[in-house]
Enquirer: 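I'd like to ask some things about the structure below.
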2 protein chains.
Amino acid sequence: MALESYNVPLVKMARIPRATVNRLPLYLRVLERYPVEETTVSSQELADLIKENSAKVRKDLSFLGSYGVRGVGYNVEHLRFQIRRELGLTKIWPVIIVGAGNLGSALGKYGGFDANGFSIVGIYDSDPDKIGTTIGDLTVGAMEDIEGDAKELNAEIAIIATPVPAAQEVAERLAGAGFKSILNFAPMVLRVEGDIEIRRVDLSTELQILGYYVQQSLAES
Amino acid sequence: MALESYNVPLVKMARIPRATVNRLPLYLRVLERYPVEETTVSSQELADLIKENSAKVRKDLSFLGSYGVRGVGYNVEHLRFQIRRELGLTKIWPVIIVGAGNLGSALGKYGGFDANGFSIVGIYDSDPDKIGTTIGDLTVGAMEDIEGDAKELNAEIAIIATPVPAAQEVAERLAGAGFKSILNFAPMVLRVEGDIEIRRVDLSTELQILGYYVQQSLAES
DNA sequence: AGGTGTGAAACAGTTCACAGCC
DNA sequence: GGCTGTGAACTGTTTCACACCT
């Protein structure tokens, strides 16, 4: 008899829809700022806080399992815990930044990550003038350091904050170094082999989309 | 006879789906980097460049009107023009930044906007120590300057790069000053009355979503 | 009474597949 | 032969509406 099998879930847990996953961090955000004196929260209250409707909130939360109480609402503390668990925020994830220009530096100094389950553990650049300088409490490393550091620090998530011409090459290097996902601030689409999740954050794109709706003057979120 | 009416479209043009609007800046991006010697591009080539499939590309582009040629593809130059026109990128949009901290400063110095149809024309902060200092070629203004400057400069789009506690108040001020849309970098949901388009860019949220997929080890974009 | 959980309906977005044109 | 344009099928997401529990 395979003893190890005891802890393996027999039924594959139903996957949470992407649209819902995208909203989970948002729920967590508002729950973390929720008044401490309130022990429960209703789907309607949550809906107001994230500008959605209560049916969507209930559907979303139902994917975490059924943790609400009819006639009462959801236990705030328990809900926070469930969402954190689902998002894997039970540990602090080490993250590295590649590119120590304006944006990379700003991200390195930005304190907001630590409170949200992530810690910037390294920042790298190819410019010899930048290597060795300090940003916040980090020292800028050389590109060649990435592979070794990543292994040592167990980093699986990287942020690309390089100029466009360098980004593709960096992405491939990161994939080779075993990174599982990349947050890409370079305004281009990265193409990398294998199972690697890439999300793009593109400021000009965001402005262009806003511009479209201003122009159409049908601003409605 | 109303002479002015000649230029007014008689038929209200069909609205472009949100999902398509979100991709238009991406098409424009790749078309702007497209080899100059190529005069046409196929839906398959575009699809490869943005990591989508060709059917989606054809559907998207069909909303701009039918500008492709069967058996040949799309004229690159014409397509660029159509997308720019649709996004309203026939002029440079003036944009202001509120918040001159790490992120606001980095955005103010970031040169990438100008090439993409936007120009940062003002940056504001409430900290008296920052007011009057320069960031790039901008001088940090006081919050009270926003209303007057916005009118003078015709700015309708603003970027919020303040800390969370200030963001809601700033958003309301911007709405009052006549801004039509806001790009919000403060990690919270802004609630503002009236027809104002707000997009949120939240770094921790992005990381949390990536973390979820790393954890599930089903990284697939 | 109040508020969740959830099938079912409605809607939005994607993909298929092929007629039609170059 | 190659590639677009587009109805039709399909998949994913949102919303409705109400049974059910406290």
Side-chain angles (χ1 to χ4, degrees), chain A residues 13-27 30-31 34 38-80 82-83 86 209 212-213 218 220-221, chain B residues 13-27 31 34 38-80 82-83 86 209 212-213 216 218 220-221:
Chain A
M13 188 158 62
R15 187 84 84 266
I16 298 180
R18 274 186 116 77
T20 297
V21 172
N22 291 342
R23 281 186 296 266
L24 288 181
L26 210 44
Y27 292 121
V30 305
L31 288 171
Y34 206 71
E38 303 281 340
T39 61
T40 61
V41 59
S42 70
S43 58
Q44 184 58 59
E45 289 165 324
L46 277 174
D48 291 344
L49 290 168
I50 70 162
K51 292 206 285 189
E52 298 286 356
N53 63 59
S54 64
K56 191 183 280 183
V57 172
R58 289 199 301 280
K59 255 279 152 63
D60 282 344
L61 299 186
S62 75
F63 291 114
L64 305 178
S66 293
Y67 296 115
V69 179
R70 290 163 198 233
V72 178
Y74 301 85
N75 179 282
V76 176
E77 185 52 41
H78 191 219
L79 197 47
R80 274 197 288 252
Q82 291 299 337
I83 296 175
E86 196 61 48
I209 295 168
Y212 173 82
Y213 290 110
L218 49 75
E220 45 175 0
S221 186
Chain B
M13 190 158 60
R15 190 83 85 266
I16 298 180
R18 275 186 115 78
T20 296
V21 171
N22 290 343
R23 282 187 295 267
L24 289 182
L26 210 44
Y27 293 121
L31 287 171
Y34 206 72
E38 303 280 342
T39 60
T40 62
V41 59
S42 70
S43 58
Q44 185 57 59
E45 289 166 322
L46 277 174
D48 291 345
L49 290 168
I50 70 163
K51 293 207 282 190
E52 297 285 357
N53 63 58
S54 64
K56 191 183 279 184
V57 172
R58 288 199 300 280
K59 255 280 151 63
D60 281 345
L61 299 186
S62 75
F63 291 113
L64 305 178
S66 293
Y67 295 115
V69 179
R70 287 160 200 236
V72 178
Y74 301 85
N75 178 282
V76 175
E77 184 53 40
H78 190 221
L79 197 48
R80 274 196 289 251
Q82 292 299 338
I83 296 174
E86 196 61 49
I209 296 168
Y212 173 83
Y213 289 111
Q216 302 286 319
L218 50 74
E220 44 174 0
S221 186

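Just so it is clear: chains get the letters A, B, ... in the order the sequence lines come, proteins before strands, and each one is counted from 1. Atoms considered below: every heavy atom in the structure, side chains included; atoms not considered: hydrogens, waters and symmetry mates. Please read all numbers here as calculations on a predicted model, not as lab measurements.
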Enquirer: Could you state the CZ-P distance from B:Arg58 to D:dG2, rounded to the nearest angstrom?
Expert: 15 Å
Enquirer: Not counting sequence neighbours, which residues clear side chain to side chain contact (heavy atoms under 4.5 Å, CB included) with B:Ile209? List them please.
Expert: A:Val21, A:Asn22, A:Pro25, A:Arg199, B:Thr205, B:Tyr213
Enquirer: Given that A:Pro17 and B:Ala55 both sit by DNA chain D, which one's nearest nucleotide is further toward the 5' end?
Expert: B:Ala55
Enquirer: Would you please name every residue forming a side chain to side chain contact (heavy atoms under 4.5 Å, CB included) with B:Leu26, sequence neighbours left out?
Expert: A:Val189, A:Arg200, B:Ile50
Enquirer: Among residues at least two apart in sequence or on other chains, which ones pass side chain to side chain contact (heavy atoms under 4.5 Å, CB included) with A:Thr39?
Expert: none
Enquirer: Answer yes or no: does a side-chain N or O of A:Lys56 lie under 4.0 Å from OP1 or OP2 of D:dT15?
Expert: yes
Enquirer: Can you list everything that forms a salt bridge (Lys or Arg N to Asp or Glu O under 4.0 Å) with B:Lys56? Sequence neighbours excluded, please.
Expert: B:Glu52
Enquirer: Just to verify, what does B:Arg23 make a salt bridge (Lys or Arg N to Asp or Glu O under 4.0 Å) with, not counting sequence neighbours?
Expert: B:Asp60
Enquirer: Quick check on D:dG5: is either OP1 or OP2 less than 4.0 Å from any side-chain nitrogen or oxygen of B:Tyr74?
Expert: yes
Enquirer: Sequence neighbours left out, what passes side chain to side chain contact (heavy atoms under 4.5 Å, CB included) with B:Val72? Give chain and number order.
Expert: B:Thr40, B:Val69
Enquirer: Report yes if a side-chain nitrogen or oxygen of B:Ser42 is closer than 4.0 Å to either non-bridging phosphate oxygen (OP1 or OP2) of D:dC3; otherwise report no.
Expert: no
Enquirer: What N/O pairs connect the protein and nucleotides 19-22 of chain D at under 3.5 Å? Give each pair on its own line.
Expert:
unit_1	atom_1	unit_2	atom_2	d
D:dC20	O2	A:Arg70	NH1	3.0
D:dT22	O4'	A:Arg70	O	3.3

Enquirer: Suppose the criterion is salt bridge (charged side-chain N to carboxylate O under 4.0 Å, His left out): which pairs have a residue in residues 38-48 of chain A, not counting sequence neighbours?
Expert: none
Enquirer: Can you give the first and last nucleotides of DNA chain C, 5' to 3', that have an atom under 4.0 Å from a heavy atom of chain B?
Expert: C:dG13 to C:dC22
Enquirer: A:Arg58 side chain to A:Ser43 main-chain N or O, any donor-acceptor pair under 3.5 Å?
Expert: no
